[in-house]
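Beneath this line is the structure, given in C-alpha cells, with notes to follow.
Note that these values count all heavy atoms, side chains included, but never hydrogens, waters or copies made by symmetry. Here is the naming used below: chain letters follow the sequence lines, and residue numbers restart at 1 for every chain.
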There are 6 protein chains.
Amino acid sequence: MKVAVSRLEHFNAAHRLHNPEWSDERNQIVFGKCNNPNFHGHNYDLIVTVTGEPDPETGYVIDMKVLSDVIREKVIAAFDHKNLNLDTAYFKTLNPTAENIAVVVWRILRQHIDTKFDLRVRLYETERNFVDYPAH
Amino acid sequence: MKVAVSRLEHFNAAHRLHNPEWSDERNQIVFGKCNNPNFHGHNYDLIVTVTGEPDPETGYVIDMKVLSDVIREKVIAAFDHKNLNLDTAYFKTLNPTAENIAVVVWRILRQHIDTKFDLRVRLYETERNFVDYPAH
Amino acid sequence: MKVAVSRLEHFNAAHRLHNPEWSDERNQIVFGKCNNPNFHGHNYDLIVTVTGEPDPETGYVIDMKVLSDVIREKVIAAFDHKNLNLDTAYFKTLNPTAENIAVVVWRILRQHIDTKFDLRVRLYETERNFVDYPAH
Amino acid sequence: MKVAVSRLEHFNAAHRLHNPEWSDERNQIVFGKCNNPNFHGHNYDLIVTVTGEPDPETGYVIDMKVLSDVIREKVIAAFDHKNLNLDTAYFKTLNPTAENIAVVVWRILRQHIDTKFDLRVRLYETERNFVDYPAH
Amino acid sequence: MKVAVSRLEHFNAAHRLHNPEWSDERNQIVFGKCNNPNFHGHNYDLIVTVTGEPDPETGYVIDMKVLSDVIREKVIAAFDHKNLNLDTAYFKTLNPTAENIAVVVWRILRQHIDTKFDLRVRLYETERNFVDYPAH
Amino acid sequence: MKVAVSRLEHFNAAHRLHNPEWSDERNQIVFGKCNNPNFHGHNYDLIVTVTGEPDPETGYVIDMKVLSDVIREKVIAAFDHKNLNLDTAYFKTLNPTAENIAVVVWRILRQHIDTKFDLRVRLYETERNFVDYPAH
C-alpha cells in the first residue's frame, strides 16, 4: 500500500548555459540567448516526491514538515538567490541545465532521505519547461 | 492503446491530526499545529485518474461527466463542508492525513469504477503538499 | 509616482458561519452547509497591497521582506492552523465570512503599516470566491 | 540516468463530439451539450514529455527550443484557431474527444522525435479534464 | 465600509471574429486566424465583482451562492458549450470580442443584481488575454 | 463605456539589488540575499493594461496581437535572458527593484501606445511579490 508524498519548494537563481570546451561561436549556436555571458535567471519550482508505506501510528509516509526542512537546508539554502555557475560547487564544471540541476538535487537529497523510500524530483524552470528525474 | 483520463474535483473540510493512543504531549510533538484540538481546515483538490482503452464508438475511456458524478456522489457529498474527524465514519479511528484520505477515497471509488479500469487518486492538501495513491 | 506593492501570504483555518441570535433553522437556511456545527475549513490566500512613493535610495515602496514579516507576525501567527470561531478573539461574536475576515485583517495591519501608505487586502477563501477591502 | 523533459504548448480550437453512425437522439443522450451542432471550444494545454539520457556535452536530453519548434510546426500550426472537426483531416471520421486528440498528437509527434527517446503527451481540455497517452 | 465580493465562473464556447460589412480580405487582415469561418473556441473564465456594505446580520455583501446561481442561470446557461455567433441572440450582429462579451455579460447581470451594489466583470479569453468592464 | 484590455507577457532575467553610494555592509543589511554580487534571477510575468472605448467596427479597444507585438519588441526583446544591471541601459544607475522595473516598462510603453488610452503595468517578480504602476 505505497503512497507517494510530494512537497513543493522554491528558489530564485541566476545561471548561464555554457560548455567551456567549445568556442564562443559554438556555444552561441547551441545555447542561444541562454548563453548570455552576464547570466539570466529563473524562479525554480522544485517538487520532491517520497514513496513508501504510511506509518500506521502517524498516517504519514514522511512528515511533510520534516521533508520541507530537509529540502530547505540541503537544497534551497545552497541555491536560492545564488548564481548557480559561480556560487555553487556543483556547477563549476557541470552545465546548469534543468536536467543537470534535477540530477544534482536528487543526489543531494538521496543522502538525507531514508533508503527505504523511493525518491523523485521534478524541477520547473518556467511554467512551460520542466524535467523529472528519475524518469518513470 | 491505453489512455489515462483525469478529473479534478474539490472539497473544503476541517480536520485534526491526532493519535488517541498517545499522550497529548506526544501528539503535540509529532503533529505540531496540525494537532490543534479545535481543528483547522483545507481546500482539498482531488484528481481521479481512470486508465483504459477508449471505446471506439464514443472515443471515451469513460465519460468525464459520469466520472465527475460518481466522485461527487460518493466522495464530495461525504466530505465537502464537513469535519473529517467528527462528521465521517472513515476517520473516527483513522488519522485524516493526506495519505489516509487518499487511500480512503481510492477504496470508496474502487467500488464504483468498472474493474477493467485502473484507478489512481491524487490529493492536494495545499498547493505545496500532495499525495498519490497507489504510487507508480 | 505612486506604486502599489503586493505580497501574498497563506493560512489554513477552520470556521463556521453562524448568527447566535438566530434559530438553528434560520442559520441553516441562510448559511447552508457553511453552518455545519462541526466546522469546515479553507486554505486562505491573503494579498496585502501597500501603495506609496518608491524611496529613491532603495527603489522600494516598502521592503517586501518587512511586509511579509509584519503579515506573518500579526495575522498568520494568529490565524494559521486555527479555528477562527473558537481560537481567535476577533470572531467570538463576529461571523467569519470572507468579508469580515478581510476587514479584521485590514484593521490589524493598519496599526503596523506607516500611515503615509495606502493599504488594501484581498482574501481568497477558495479559487472561486474572494473579497477586497477597501473596495476601489 | 534517464531524465524526462516536458514542454507546454497551447492551442485554441472549436470542436463537436458526434458519432455519424448514430441517430441525433442517441448522440444527444451520449454527448449531451458537447454534441451542439454549432460547436463549442476550448483553450487546450498540451504537455509533451521526451525521456532519454542527457547528452554529456550539452546537458540536454533534447533542446527545449527544438522540442517547442517541432510541436508548434507539426501540431499547433494544424490545430490552433481551427475547427477540429471541419478544418483538420484527423477528425473527419474520428471523434475529437480529449482521448482521441491526445493519441493523434502522439502519432504526429512520434514521426518527428528520435526513436531513442520515449514520448508521452498530456492534454488539458479544461483545468478539470485532462488525459495522458500512453498511460503509465 | 465597502467590500468587493468576487465570484469566478466558467464557460466553454466557440466564436469567430468577423465584421459582415467588410470584405473577406479586410476581415482576414484585421482579425487574422480569429476570422476562421469554421470558428475556434476558448475556455472563458468570468469573474463577477459586486461591491457594497456587508449586512451586519450575515456578514455577507451578497451570498456568493446566490451570486453564483444568478451568473449560472443568466450567463453560463446561455453561453456554455455554445457557438456565440450562431447560438446566442447577443452576437448576431455584434462581434464577440472579449470586450463585447464583457459588456454584454455586464448588461445581463446588471438587471439581476440590486442597484445598491456596484457591478464589474472581468473576462479571461485565455490566461494571457483578459478584459475588465467597466474599467476603473 | 471604457473597457480595460490586458495582455500577459513573460521574461527571464538576472538582477542584483545594490546602491553604489552605500558601503557593502549597508547594502548587505538593506538588500540581504538580493544583494548577492553574482546576481540571482526571476521569471517575470508582465501584465500590460490599456483602457479605452472599443472601436465600433472591430469591437477591439486595441488588437491584443498588436499590443503583444509592441510589448515584445520594446520590452521583452530588451529584458529577456538579460542581466538587468549589466545588459540594459535603464538599470546602470537605477536599482532594478520590481517597483523601478515597472516604472521603466511603463515609460517605454507609454511612447508606443496611443495617448487616447490609459496605460498601466503589473509586474510579478514571483508568484508572491508583485507591483502595479501607476497605482489606482
Side chain, backbone, both or neither: which part of [X] has an atom under 4.5 Å from a heavy atom of chain A?
X	result
B:Glu21	neither
B:Arg26	side chain
B:Leu17	side chain

Open item on the list: Assess the residue pair A:Lys2 and B:Tyr133 against the criterion (side chain to side chain contact (heavy atoms under 4.5 Å, CB included)); give the C-alpha distance rounded to whole Å, side-chain angles, the decisive distance to 0.1 Å, and a yes or no.
Closed with: CA-CA 7 Å; A:Lys2 290 206 170 177; B:Tyr133 179 75; over 6 Å; no

Task: Point-to-point distance, once rounded to the nearest 0.5 Å, from CG of B:Asn129 to OG of A:Ser6 - done: 9.5 Å

Open item on the list: On a heavy-atom basis, which atom in B:Ala135 and which in A:Ala4 lie closest, and how many Å separate them?
Closed with: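 That would be CB-N, 3.8 Å.
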
Open item on the list: Is it the case that over 12 heavy atoms from other parts of the model lie below 6.0 angstrom from the CG atom of A:Asp114?
Closed with: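 Yes.
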
Task: Inter-chain contacts: residues 57-85 of chain A against chain B, heavy atoms under 4.5 Å - done: A:Glu57, A:Thr58, A:Gly59, A:Tyr60, A:Val61, A:Ile62, A:Asp63, A:Met64, A:Arg72

TODO: Enumerate by number any residue of residues 39-54 of chain A whose heavy atoms lie under 4.5 Å from heavy atoms of chain B; in the absence of such residues, state 'none'.
DONE: A:Ile47, A:Thr51, A:Pro54

Open item on the list: Heavy-atom pairs under 4.5 Å with chain A: which of B:Leu123, B:Val103, B:Thr97 has the most?
Closed with: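 Sorted descending by pairs with chain A, the first entry is B:Thr97.
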
